[in-house]
Protein chains: 4
Amino acid sequence: MAASKKRGRPAGSDDRREDILEGALRCFVDRGFHGTAIPQIAQRAGVAAGTIYHYFPSKEALVNALYRKWKSDVAQRVFMAFPQGASAREQFRVLWNEMVAFAAAHPDAFAFIELHNHSSYLDAESAAIDRNLKDFAAAMVMRAQEEGLLKPMSPVLLMELVFGAFNGMMRASWEKRIELAPEMVAAAEQACWDTVAHHGRP
Amino acid sequence: MAASKKRGRPAGSDDRREDILEGALRCFVDRGFHGTAIPQIAQRAGVAAGTIYHYFPSKEALVNALYRKWKSDVAQRVFMAFPQGASAREQFRVLWNEMVAFAAAHPDAFAFIELHNHSSYLDAESAAIDRNLKDFAAAMVMRAQEEGLLKPMSPVLLMELVFGAFNGMMRASWEKRIELAPEMVAAAEQACWDTVAHHGRP
Amino acid sequence: MAASKKRGRPAGSDDRREDILEGALRCFVDRGFHGTAIPQIAQRAGVAAGTIYHYFPSKEALVNALYRKWKSDVAQRVFMAFPQGASAREQFRVLWNEMVAFAAAHPDAFAFIELHNHSSYLDAESAAIDRNLKDFAAAMVMRAQEEGLLKPMSPVLLMELVFGAFNGMMRASWEKRIELAPEMVAAAEQACWDTVAHHGRP
Amino acid sequence: MAASKKRGRPAGSDDRREDILEGALRCFVDRGFHGTAIPQIAQRAGVAAGTIYHYFPSKEALVNALYRKWKSDVAQRVFMAFPQGASAREQFRVLWNEMVAFAAAHPDAFAFIELHNHSSYLDAESAAIDRNLKDFAAAMVMRAQEEGLLKPMSPVLLMELVFGAFNGMMRASWEKRIELAPEMVAAAEQACWDTVAHHGRP
DNA sequence: AATGAATGAGGCTTCATTCAT
DNA sequence: GATGAATGAAGCCTCATTCAT
């Protein structure tokens with residue numbers, strides 16, 4: 001049956017925890033961690049300030065939960081979408097498009113995990129998720145390098161160049177300096193493949 | 001009415017204003033604008049908290065002065081180094097190396113101007129400096145596109161891809177995930193040229 | 001009720017807002033607006049400093065609220081007590097006694113509204129209340145002048161002389177230079193009537 | 001010889017101490033003691049902040065010096081002008097006019113000594129000057145009472161009524177609610193004589 | 001003597017967190 | 001569970017005062 005909600009919640013979503021994470025996301029993206037006050041988050045979430053402390057023990061725990069939620073989401077998408085047996089070129093394209101799809105669907109979340117990367121208030125577990133994703137990407141790069149498809153240079157550097165370029169594109173879109181049309185995304189994808197591809201031979 | 005210990009300048013540099021800007025730079029890079037307290041800046045600068053207000057009317061004025069100082073410095077370097085008559089390939093290499101030189105010489109300043117781009121506490125004048133630099137780069141891209149040397153796609157996007165890749169490289173270096181050796185920088189430069197270059201493949 | 005230490009209301013009155021206004025009144029009378037620190041008010045009110053900001057957005061808003069509260073109270077008393085159909089002599093006596101009753105019942109409040117008249121931190125709305133009262137008194141004077149009962153001179157000046165004399169009396173009492181007995185109040189009232197009355201001497 | 005001034009003082013008055021007292025007077029009248037900062041006084045006086053401390057050991061000492069200067073000036077005028085052998089009516093008129101002359105010549109000073117009467121930062125010596133003046137006036141009242149010329153009531157109260165009325169007139173003038181023309185001053189003087197005069201008999 | 005940069009305590013205000021309801 | 005008033009430490013900023021020049 002569809003009626004799974006409890007009595008008396010007046011309006012809005014049914015899950016306070018999600019409301020709070022949603023409100024916190026918008027606040028943190030707009031004003032940063034230290035620039036955001038708990039009452040501001042509460043207001044955006046439509047709850048009382050005290051309620052936040054029923055779901056999260058502290059502001060730091062909240063930002064970490066938020067970070068983990070979205071970074072895990074990205075990681076899961078990447079792992080699920082990754083076409084194991086396909087060519088390196090195809091793998092690159094699939095991951096690129098997956099990331100674009102994520103950033104388009106959740107622009108705030110994308111901005112958040114980029115801006116808050118490696119901040120002092122993120123704890124070890126949050127950092128580990130990021131590490132996992134980076135390791136996965138680096139491994140992928142190394143495999144393709146062994147096949148001679150990618151430039152024979154530092155795999156970490158290659159990965160960072162591509163991921164940096166991707167971030168640059170998304171930030172420009174976020175800041176309305178460009179409008180992301182599908183053909184632009186495709187062109188950017190090809191350009192970034194050129195960044196890493198080993199073109200030296202015919 | 002306390003002891004008469006402190007009134008002469010204790011030690012260190014001769015220019016308090018520079019000391020303060022230096023201390024603020026390190027604090028802002030470490031903990032962000034809202035995460036940095038004025039007394040922390042004062043301590044790093046070796047001055048009393050009140051002294052900061054002899055040189056800057058507010059914390060916001062201080063970040064803006066800091067941002068303008070370094071962003072202007074970058075802009076000036078770029079404009080001065082730009083080889084007017086050289087080939088697009090050479091222009092690209094020169095600017096890349098100039099940026100690397102700047103980021104290596106002033107890693108904190110580079111991190112600062114990247115992290116604080118487009119923050120709400122930056123004023124219009126600060127934003128204008130950034131705009132100038134971006135316009136200059138976009139104009140350069142367009143000229144090279146007209147010669148058929150660069151990919152025929154959005155010049156802003158091309159520029160953002162390269163600048164994003166550069167930032168990715170510098171951030172990885174800053175976070176010690178890679179060690180920037182000269183040959184790596186050169187390889188990255190070539191890779192990023194490949195990002196934008198029109199290789200005339202069928 | 002539980003006797004836990006901090007979070008419940010410790011003791012005293014049931015209305016924090018009134019407690020704060022009361023504490024602020026005493027502090028402002030003792031030391032003036034700029035001479036009073038918010039923590040001093042908080043201590044007198046028996047609340048934490050931060051609590052004041054749940055009820056008033058700023059120190060200025062607090063003085064203005066306080067001023068309006070008491071000046072309105074005086075105005076209301078005067079308007080309510082005013083004997084519409086009575087003789088000018090009787091009207092004068094009634095208002096005089098009403099003011100004395102107020103000043104005796106709320107000496108701090110009387111001192112406050114006198115000392116803080118026309119201060120730069122009072123806003124337009126606060127000033128308007130004062131204006132109303134003065135206009136009312138001036139109109140009363142003018143009516144009596146038309147009947148030939150009061151001296152034919154500037155009505156504002158007449159009013160100011162009487163109100164000044166009244167203030168002088170109250171200030172002397174406040175500063176313990178005189179003790180206000182009923183017969184002294186009555187004598188002063190008669191003297192001030194003599195100030196304004198037109199005795200038709202040749 | 002006329003050239004009594006020392007070398008090199010660029011412009012303005014020759015006596016820094018007077019400049020400072022003058023600047024302090026205007027500041028204290030405008031914003032009160034606690035609302036006035038030493039640098040503000042310095043700016044109005046055309047000197048550096050530190051210079052003030054060559055002439056006065058502290059802000060409190062400055063306000064006391066200022067108070068004493070002007071209150072003594074008033075007292076001296078009153079004592080000098082007092083017509084020993086004249087009638088009570090004449091004595092009253094002379095003192096009234098003397099006070100008006102003072103307040104007209106030095107409106108800031110008059111406002112200052114009124115507003116700062118009995119403030120906590122005034123020391124014993126400052127208070128004594130005020131006491132002297134009040135005692136003199138009370139003695140005068142008592143003498144006239146003994147002749148049956150004044151109302152047979154508390155002499156202090158009589159004095160306070162008149163002085164309060166005078167203050168009311170001056171404050172209204174200061175606040176531009178009335179314009180003090182000579183005939184108004186004379187009318188007010190007569191009204192205040194009526195306040196105190198014993199009219200009971202023909 | 002005069003200056004004004006420097007100091008640091010203290011003022012106003014904000015905000016993470018708690019807890020009685 | 002949910003609330004929001006209350007708390008008090010801490011943040012930004014001001015200012016009386018000092019002292020090298």
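Quick note on labels: first sequence line is chain A, next is B, and so on, each numbered from 1. Any value given below was found using the heavy atoms of this structure, including those in side chains, with hydrogens, waters and symmetry copies removed.
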Distance-only criterion, 3.5 Å: show the donor-acceptor pairs between side-chain atoms of residues 24-37 of chain B and protein atoms not counting sequence neighbours.
from: B/Asp30; atom 1: OD2; to: B/Arg44; atom 2: NH2; distance (Å): 2.6
from: B/Arg31; atom 1: NE; to: B/Gly35; atom 2: O; distance (Å): 3.4
from: B/Thr36; atom 1: OG1; to: B/Cys27; atom 2: O; distance (Å): 3.2
from: B/Thr36; atom 1: OG1; to: B/Gly32; atom 2: O; distance (Å): 2.6

Looking at residues 20-36 of chain B, who's got a heavy atom less than 4.0 Å off DNA chain E? none

Using the closest heavy atom to pick a nucleotide of DNA chain F for each, name whichever of D/Ala37 or B/Ser58 lands nearer the 5' end. B/Ser58

Let me know, please, whether D/Ala49 or A/Lys59 comes out on the 5' side of the other along DNA chain E by nearest nucleotide. D/Ala49

Which residue, D/Gly50 or A/Glu60, contacts DNA chain E at a nucleotide closer to its 5' end, judged by nearest heavy atom? D/Gly50

I need the D/Lys59 NZ to D/Ile38 CD1 distance, nearest 0.5 Å. 6.0 Å

Within this structure, what is the [atom1]-to-[atom2] distance between [X] and [N], rounded to whole angstrom?
{"X": "C/Ile52", "N": "F/dA5", "atom1": "CD1", "atom2": "P", "value": "16 Å"}
{"X": "D/Tyr53", "N": "E/dA1", "atom1": "OH", "atom2": "C1'", "value": "17 Å"}
{"X": "A/Gln43", "N": "E/dA16", "atom1": "CD", "atom2": "P", "value": "14 Å"}
{"X": "C/Asp15", "N": "F/dA6", "atom1": "CG", "atom2": "C1'", "value": "15 Å"}
{"X": "C/Tyr121", "N": "E/dG11", "atom1": "OH", "atom2": "P", "value": "17 Å"}
{"X": "B/Ile41", "N": "F/dC12", "atom1": "CD1", "atom2": "C1'", "value": "11 Å"}
{"X": "C/Phe56", "N": "E/dC12", "atom1": "CZ", "atom2": "P", "value": "15 Å"}

Ignoring hydrogens, what is the shortest heavy-atom contact between [X] and [Y]? Give both atom names and the distance.
{"X": "A/Ala61", "Y": "A/Phe56", "value": "O-CD2, 4.5 Å"}
{"X": "D/Ala48", "Y": "D/Ala42", "value": "C-CB, 3.8 Å"}
{"X": "A/Gly23", "Y": "A/Ile41", "value": "C-CG2, 4.2 Å"}
{"X": "D/Arg68", "Y": "D/Asp123", "value": "NH1-OD1, 3.0 Å"}

Pairing pattern in dot-bracket form [Watson-Crick, G-U; both distances under 3.5 Å; | = partner strand] for DNA chain E: .||||||||||||||||||||

Does C/Arg17 make a side-chain N or O approach to OP1 or OP2 of F/dA6 shorter than 4.0 Å? no

Classify the side chain of C/His54 and the base of F/dA5 as holding, or not holding, a donor-acceptor pair under 3.5 Å. no

Looking across every strand, which nucleic acid part, if any, lies under 4.0 Å from C/Ile38 by heavy atom: base, sugar-phosphate, or nothing? base

Among [options], find the nucleotide with the atom closest to the side chain of [X].
{"X": "C/Tyr55", "options": "F/dT3, E/dT18, F/dA5", "result": "F/dA5"}
{"X": "C/Thr51", "options": "E/dT13, F/dA6, E/dT7", "result": "F/dA6"}
{"X": "B/Arg16", "options": "F/dA2, E/dT7, E/dT3", "result": "E/dT7"}

C/His54: which residues meet the ring-ring contact (aromatic ring centres under 6.0 Å, His included) condition with it, sequence neighbours left out? none

Residues in ring-ring contact (aromatic ring centres under 6.0 Å, His included) with C/His118, at least two apart? none

For residues 107-114 of chain B, please give each side-chain donor-acceptor pair under 3.5 Å, one per line with the distance, not counting sequence neighbours.
from: B/Glu114; atom 1: OE1; to: A/Arg171; atom 2: NH2; distance (Å): 3.4
from: B/Glu114; atom 1: OE1; to: B/Asn167; atom 2: ND2; distance (Å): 3.0

Any chance the side chains of B/Asn117 and B/Tyr67 put a donor and an acceptor closer than 3.5 Å? yes

